[in-house]
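All residue numbers refer to positions in the sequence shown, counting from 1. On a predicted model such as this, the values are computed, not experimentally measured, just so you know.
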Amino acid sequence: MSLVFPHTFVPWFRSVAPYIHAYRGKTFVVAITGELIAAGKLNPFAQDMSILHAMGIKLVLVHGFRPQVNEQLRAKGQVSQFSHGRRITDAVALDCAQEAAGQLRFEIEAAFSQGLPNTPMANATVRVVSGNFLTARPVGIVDGIDFQQSGLVRKVDATAIRRAIDSGAVVMLSPFGFSPTGEAFNLSMEDVATGTAIALKADKLLFLTEVAGIHEDRDDPESPIDTELALADAERLLASLPDPTQPTDVAFYLRYCVKACRGGVERSHILPFAVDGALLQEVYTHDGIGTMVVDEKLESLREATADDIGGILQLIEPFERDGTLVKRDRTEIERDIGHYIVIEHDGVIFGCAALYPYPEERTAEMAALTVSPGAQEQGDGERMLKRIEHRARALGLESIFVLTTRTMHWFLKRGFHLVEADWLPEARKRKYNPDRRSQVLVKKL
């Protein structure tokens, strides 16, 4: 029997609890590649999905079957045909796809029927519902290539799916659809998942894939994963990349994430299935493990301009008055406006933060992190922190630090650790006011 140590369990549980609360009752569309199943990852994945389900998240599961169909074709002496990153589905390939889909649906239902082995939830089986929720249309002829029985999602029966997940079931969708005349079409998992997420107005779309996410240095596969991309940044990146032909191409899943966010899904994710518990890590930890594309158009998180100075002053004034923030005058903010980011909604600024680099020491100070009292507890502080971290990484910095008198625990929960004031860069140390007794906290990037 393993021991649970309170000094590690309690801080961990406190860090996870806000996400459990935030996501209860939310709708997630989770898409898995056939490669995940071929790699023997289905049972641990089903256990993680069962945990999400037990936490009150409404789930739709979409599975792929690319390697399974390829295997069926090889067994029949046939060669898989692809073009434009999509399978060309002739009559033989359609039969193979139907056989593979039937086998995988059986395996997935069996995995969910196990509950959580050797736990009090061992008998908490999850009911899986599948059906003809998708209407399809043919891809047709593209650049002179006839895709035959390959199709695209025409319509998703969102009402029927919503009714099923509201009843407590997990809806499972195979990449198959039928025309109004009953003709079968082989669809792509990515198209089905994206179309379903948009139709359901899902809170998240998560792809568990062969790739780890989008690397910060696009040309260096060993560079860290970019954990968050604003939709506008993702669109710019996508426009700079060649059309994908393989699932391992950077743009392959990114284009579906962008499409989902454009269609009203606030957050879409690319996760590596090779990492055990990747789904839980992405949903229930602050930094996650893959790349998240975020639609920020409803509440604009952006670089500050001179037009924002008045709004920033109005926002931070109450916090300066009660001593939470060091007082800054208008001249100082005008001078430093290029260091600031703001969150704006309908022309009103209700969040701001600034980054002051110390490049020689490979660090930077995050200052003036502020969220309007009426908008707190909605995750905007974390969004600004992530943007500041992204800025610092882009500058080649190795850490960021903050000075605080009242919010130390907020930063500790988000990966900062306490250091002595002597740690500060020399230039910042000279401006340190010991009378305020500010705590210095550092986070490695």
Side-chain angles (χ1 to χ4, degrees), residues 26-69 97-116 124-136 151 153 155-178 184-209 256 260 265 268-269 271 273 278-280 283:
K26 302 297 186 181
T27 300
F28 291 4
V29 175
V30 181
I32 60 173
T33 62
E35 285 79 2
L36 178 152
I37 300 169
K41 305 283 187 179
L42 179 57
N43 283 342
F45 165 76
Q47 291 176 27
D48 291 348
M49 284 282 282
S50 298
I51 291 171
L52 296 187
H53 184 265
M55 296 294 184
I57 296 173
K58 299 175 182 180
L59 297 168
V60 176
L61 171 62
V62 183
H63 73 81
F65 52 17
R66 192 179 297 110
Q68 289 81 8
V69 175
Q98 289 172 332
E99 291 175 23
Q103 179 64 30
L104 290 182
R105 287 170 71 166
F106 174 82
E107 292 179 18
I108 291 169
E109 289 174 359
F112 276 103
S113 297
Q114 295 178 41
L116 297 175
T125 55
V126 177
R127 185 160 50 94
V128 178
V129 172
S130 56
N132 56 339
F133 295 112
L134 304 172
T135 304
V153 174
K155 184 180 179 182
V156 177
D157 190 345
T159 301
I161 293 174
R162 178 65 67 184
R163 189 180 300 122
I165 60 177
D166 285 347
S167 73
V170 171
V171 168
M172 177 173 60
L173 300 177
S174 295
F176 261 106
F178 299 90
F185 288 100
N186 174 30
L187 310 176
S188 76
M189 172 273 285
E190 298 82 11
D191 187 33
V192 171
T194 304
T196 302
I198 292 171
L200 290 174
K201 296 181 172 59
D203 299 283
K204 283 184 183 292
L205 168 63
L206 302 108
F207 289 109
L208 275 89
T209 76
Y256 290 102
V265 180
S268 52
H269 305 246
L271 313 179
F273 68 70
L279 185 60
L280 298 181
V283 173

Check: Are any non-hydrogen side-chain atoms of E99 and Q68 less than 4.5 angstrom apart?
Finding: no

Next item on the list: Please lay out, stage by stage, how F65 and N186 fare under the test side-chain contact (heavy atoms from CB on, under 4.5 Å).
Entry: CA-CA 11 Å; F65 52 17; N186 174 30; 3.4 Å; yes

Notebook entry, point to check: With a 4.5 Å heavy-atom cut-off, do R105 and V128 have their side chains touching?
Noted result: no

Item checked: Polar side chain donor-acceptor pair, E107 to Q103, under 3.5 angstrom -> yes

Margin query: I'd like to know whether T196 forms a side-chain contact (heavy atoms from CB on, under 4.5 Å) with L134, so could you lay out the CA-CA distance, the side-chain angles of the two residues, the decisive distance to 0.1 Å, and finally the verdict.
Written below: CA-CA 9 Å; T196 302; L134 304 172; 4.3 Å; yes

Next item on the list: Mind telling me whether F176 and F178 have parallel, tilted or perpendicular rings, with 30° and 60° as the class edges?
Entry: parallel

Notebook entry, point to check: Hey, are the side chains of E109 and M172 touching, using non-hydrogen atoms and a 4.5 Å cut-off?
Noted result: yes

Using atom types as modelled, flag every donor-acceptor pair under 3.5 Å from a side chain in residues 32-40 to any protein atom, sequence neighbours excluded.
residue	atom	partner	partner atom	Å
T33	OG1	L36	N	3.4

Next item on the list: Determine, step by step, whether F207 and T194 satisfy the side-chain contact (heavy atoms from CB on, under 4.5 Å) criterion, reporting the C-alpha distance in whole Å, the side-chain angles of both residues, the deciding distance to 0.1 Å, and the verdict.
Entry: CA-CA 10 Å; F207 289 109; T194 304; 3.8 Å; yes

Check: Where is the tightest heavy-atom contact between A169 and V129, given as atom of each residue plus distance?
Finding: CB-CG2, 3.6 Å

Note to self: I need the full list of salt bridge (charged side-chain N to carboxylate O under 4.0 Å, His left out) pairs touching residues 196-205, with sequence neighbours left out, sorted by first then second residue.
What the structure shows: none

Item checked: Listed partners of Y256 passing ring-ring contact (aromatic ring centres under 6.0 Å, His included), at least two apart -> none

Next item on the list: Determine whether I165 and L59 make a side-chain contact, defined as any pair of heavy atoms from C-beta on separated by less than 4.5 Å.
Entry: no

Notebook entry, point to check: Counting only heavy atoms not in N132, do more than 12 sit closer than 6.0 Å to its CG atom?
Noted result: no

Check: Is there a side-chain contact between L206 and V283, using heavy atoms and a 4.5 Å cut-off?
Finding: yes

Notebook entry, point to check: Under a 4.5 Å cut-off applied to non-hydrogen side-chain atoms, are L61 and F45 in contact?
Noted result: yes

Check: Does the side chain of M49 reach to within under 4.5 Å of the side chain of V126, using non-hydrogen atoms?
Finding: no

